[in-house]
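Working notes, beginning with the structure itself.
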Amino acid sequence: MSAIRHALTTRRADDFAGWYQEVVSAADLAEESGVRGCMVIKPWGYGIWERMQRLLDARIKDAGVDNAYFPLFIPLANFTREAAHVEGFAKEMAVVTHHRLIADGKGGLVPDPEAKLEEPLIVRPTSETIIGDAMARWVQSWRDLPLKINQWANVVRWEMRTRMFLRTSEFLWQEGHTAHETSEDARIETMRALEMYRAFAQDQCAIPVIAGEKPENERFPGAVETWSIEAMMQDGKALQAGTSHYLGTSFADASGIRFQDREGTQQLAHTVSWGMSTRMIGGLIMTHGDDDGLRVPPQIAPWQVVILPMLRGDDGDAALLEYCEALKIAATKEWAFDEKLRILLDSRPGKVAAKRWDWVRRGAPVIIEVGPRDMEQGRVSLLRRDRLWNAAGKADFTNPQREEATGSLSAVLADIQASMFAGAVEQRDARIERGITGFEQLAAFFAEDQHQPGWAEVQWARPTGTELEQVVERLKALKLTFRNVPLDAAAADGPCLFTGAPAVERILVARAY
RNA sequence: CGGGGAGUAGCGCAGCCCGGUAGCGCAUCUGCUUUGGGAGCAGAGGGCCGCAGGUUCGAAUCCUGUCUCCCCGACCA
């Protein structure tokens, strides 16, 4: 037993699900709203989302994709054109049927039967259909292609079982929709989006991911190919953190996205869609959180450095605040990751210890405390969130001179970013098992008594249809799912674990969120 | 959506079985003491007991319905 007094009451190792919920509330990320599956995202949580938006949006724009906004409501008829797509979403759709309320005579309000909509509207679960509709108007000739549109929006899927950030009925995301002249161009865009997500997750969120293709049974409804990035959470489960779909021509056919090609012939466009959502915040928590709360990678942190003056409510406060202001101004001139540092001087009244632990739980990368003694000696007390505790089980402060601290901040932040990623990679790589060749062996690897088994990468023959369904059922009995076929996996060189036929590739098997 | 558990102060909980003035710890506020690594003492404020009905002289407590959350399933780009 360690003597460390952690900032949270639930240990990751004891109760991962309970710990997750405690982080969400203790780090001030979000709270329940009273509506099933809908959450209030609080300023610190939303600040993290804004950072993700800003960084990913820059990548999207760099790829020549334009932002636009499409309506929340979609006419039912519009949605019903692509059969597989409809079937995939029909069970989780919110429907608007009335446009007016009327008094019920008992002090309440009910939908006015007189105000029933001729045609119900659905609340978008995704916007393929309505954007496809627009694209059909915008595309006439091959010169109009490629057409690349992105929107940042909320979507609604009526989930049976919800969890904060991981699966909510309403969530925020970006959805990119592109239309192309050829299948080749569309596939290139599909892979570009996938690579964009991989780089964003790893280089900015410090979340290691494996990019690969989803098997047939895990495809987006109506898609020809679905690709994903998969991240391993600290409990060994997989989280799909971003997806990119090559949709072929079926959506173009359903929406009427046609163009005259270079020979003057009418052709269907090839479409692609790709998305990343607030679920990424759940991934951030389960990748970087610890028993003291969240740890936010510096590139994602709304505030990278929080300065806490030790105010005493006496005459000394003014000078101390002045000292901290000077520190803040100097630090704000420093850069890291090609952006100015984001520094908060938290001078609200209150005990410094209480405020310190608030920021530890929220996961600010660097906390700088300044007391009268620091000021006298021209120094500060600096605490790194990624290395909180010293060997004695105390908060591990260092005491650089003020100028030295300011000058070193960008290097410290870069180091925190790098070490968080390296730590996550190490944890993940240690838990990917590549030597499993038989189903019994697979079952043993994922046996219930094994606490955090991680993932298995196995060889398979890529069965399809009912043969695949049988394999999926066998896995389901073990609560396992296929994640993806990693792009960079080694070539197959043995029999399929499931069918015994010669394997054609390697696929990841894991429990998943 | 099925099975189980829960909802009482900002947070964590007791009270409910057996109906009778709303409690505890932490947090908050005030005062005093303390003052560099999660302070101490004293006092104070804060409640549609999830919501709606019902039974009753009287409901946090009993009954019915309903909403929300958690766990297990089913479902799930």
Side-chain angles (χ1 to χ4, degrees), chain A residues 4-10 15-18 20-22 24-26 28 31-39 84-85 87-93 106-108 125-128 155 157-164 166-169 171 173 175 214 217-223 225-228 240-245 247 273-277 279 292 308-314 316 320 349-361 367 369-377 379-383 388-390 392-399 476-477 479 481 484 512-513:
Chain A
I4 291 177
R5 183 181 162 199
H6 285 292
L8 299 185
T9 58
T10 313
D15 175 7
F16 196 78
Y20 178 83
Q21 285 174 250
E22 191 177 350
V24 169
S25 89
D28 270 335
E31 61 185 28
E32 298 296 342
S33 67
V35 178
R36 182 188 185 82
C38 296
M39 59 181 174
H85 189 61
E87 197 185 333
F89 284 107
K91 285 167 287 186
E92 49 186 35
M93 211 86 86
K106 292 179 281 189
T126 177
S127 306
E128 270 75 7
V155 287
R157 298 176 189 182
W158 215 258
E159 300 290 350
M160 289 292 102
R161 194 171 165 184
T162 61
R163 298 191 71 184
M164 292 268 218
L166 296 175
R167 177 169 287 114
T168 46
S169 297
F171 58 92
W173 76 346
E175 45 180 323
K214 287 284 194 185
N217 65 305
E218 297 274 350
R219 270 182 210 143
F220 177 73
E225 292 171 5
T226 286
W227 297 75
S228 72
Q240 178 177 308
T243 50
S244 184
H245 316 286
L247 303 174
S273 70
W274 30 277
M276 189 277 305
S277 74
R279 178 179 243 209
D292 298 296
L308 302 175
M310 294 188 200
L311 301 173
R312 289 180 178 172
D314 61 22
L320 194 60
K351 295 220 174 65
V352 73
K355 291 203 286 184
R356 168 165 76 238
W357 292 105
D358 281 348
W359 286 109
V360 165
R361 282 187 284 264
I367 295 170
E369 297 185 17
V370 182
R373 207 176 299 165
D374 290 314
M375 186 170 62
E376 277 163 32
Q377 301 177 28
R379 56 175 211 194
V380 300
S381 296
L382 189 148
L383 185 62
L388 253 193
W389 306 101
N390 64 20
K394 303 278 189 189
D396 192 13
F397 282 100
T398 54
N399 296 94
K476 199 166 158 185
K479 298 180 195 169
T481 58
N484 67 24
Y513 278 99

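Residue numbering restarts at 1 for every chain, and letters A, B, ... go by the order of the sequence lines. In what follows, every heavy atom counts, from backbone to side chain, and hydrogens, waters and symmetry copies are set aside. Remember, it's a predicted structure, so these values are computed and weren't measured experimentally.
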Which part of the nucleic acid, if any, lies within contact of [X], taking any heavy atom under 4.0 Å across all strands shown: a base, the sugar-phosphate backbone alone, or nothing?
X	value
A:Pro125	nothing
A:Thr243	base
A:Gly34	sugar-phosphate
A:Arg219	sugar-phosphate
A:Trp173	base
A:Arg279	nothing
A:Lys214	nothing
A:Gly37	sugar-phosphate
A:Phe171	base
A:Ala223	nothing
A:Thr162	sugar-phosphate

Check the distance between [N]'s [atom2] and [X]'s [atom1] and give it to me in whole angstrom.
X	N	atom1	atom2	value
A:Phe220	B:C76	CZ	P	14 Å
A:Leu311	B:G36	CG	P	14 Å
A:Met310	B:A39	CE	C1'	14 Å
A:Tyr513	B:C72	OH	P	10 Å
A:Met164	B:C69	CE	P	9 Å
A:Leu308	B:G38	CG	P	14 Å
A:Arg163	B:C76	CZ	P	19 Å
A:Met93	B:C76	CE	P	14 Å

Please report the distance separating the [atom1] of [N] from the corresponding atom of [M], rounded so that it comes out in whole Å.
N	M	atom1	answer
B:C32	B:G46	P	23 Å
B:A59	B:G53	P	13 Å
B:C62	B:A44	C1'	36 Å
B:U64	B:C17	P	15 Å
B:G15	B:A9	P	15 Å
B:A60	B:C16	P	14 Å
B:U28	B:C70	C1'	28 Å
B:C48	B:G43	P	26 Å

Inset, instruction - Enter the distance from A:Arg167:CZ to A:Tyr513:OH here, rounded to the nearest 0.5 Å. - result: 11.5 Å

Legend entry - Atom pair CG/CD of A:Leu308 and A:Glu369 - distance to nearest 0.5 Å: 5.5 Å

Applying a 3.5 Å limit to both distances, which nucleotide forms a Watson-Crick or G-U wobble pair with [N]?
N	answer
B:A44	B:U28
B:G7	B:C67
B:C1	B:G73
B:G20	B:C57
B:A39	B:U33

Inset, instruction - Show your working on side chain to side chain donor-acceptor pair (under 3.5 Å) between A:Glu22 and A:Thr9 and close with a plain yes or no. - result: CA-CA 8 Å; A:Glu22 191 177 350; A:Thr9 58; 3.1 Å; yes

Which nucleotide in [options] has an atom nearest any side-chain atom of [X]:
X	options	answer
A:Lys91	B:C75, B:G37, B:C71	B:C75
A:Lys476	B:G38, B:A74, B:G36	B:A74
A:Gln21	B:G38, B:U68, B:C70	B:C70
A:Arg36	B:C76, B:U68, B:G38	B:U68
A:Ser381	B:C71, B:C76, B:G37	B:G37
A:Lys479	B:G73, B:A39, B:G36	B:G73
A:Met160	B:G36, B:A74, B:G38	B:A74

Polar atom pairs (N or O), protein with nucleotides 5-12 of chain B, under 3.5 Å:
none

Under a 4.5 Å cut-off applied to non-hydrogen side-chain atoms, are [X] and [Y] in contact?
X	Y	value
A:Leu388	A:Leu383	yes
A:Lys351	A:Arg356	no
A:Ser228	A:Glu218	no
A:Gln21	A:Thr10	no

Legend entry - Presence of A:Arg373 side-chain N/O under 4.0 Å of B:G36 phosphate oxygens OP1/OP2: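 Indeed, a polar side-chain atom of A:Arg373 lies that close.
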
Inset, instruction - Check whether any side-chain N or O of A:Arg312 sits under 4.0 Å from OP1 or OP2 of B:U34, and answer yes or no. - result: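 No, because none of the side-chain N or O atoms of A:Arg312 sits under 4.0 Å from OP1 or OP2 of B:U34.
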
Inset, instruction - Report yes or no: is there a donor-acceptor pair, N or O only, under 3.5 Å between the side chain of A:Arg161 and the base of B:C75? - result: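 It does not, because no donor-acceptor pair links the side chain of A:Arg161 to the base of B:C75 below 3.5 Å.
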
Inset, instruction - Test A:Ser127 against A:Glu175 for side chain to side chain donor-acceptor pair (under 3.5 Å), laying out the working first. - result: CA-CA 8 Å; A:Ser127 306; A:Glu175 45 180 323; 2.7 Å; yes

Inset, instruction - Between A:Glu369 and A:Asn217, just flag the one whose closest nucleotide in RNA chain B comes earlier from the 5' side. - result: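 It is A:Glu369 whose nearest nucleotide is closer to the 5' end.
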
Inset, instruction - Take the angle between the ring planes of A:Phe220 and A:His245 and call it parallel below 30°, perpendicular above 60°, tilted in between. - result: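 The rings of A:Phe220 and A:His245 lie parallel, inter-plane angle below 30°.
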
Legend entry - Stacked cation flag A:Arg163 on A:Tyr20, 6.0 angstrom / 45 deg: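 Geometry flag: set, cation within 6.0 Å and 45°.
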
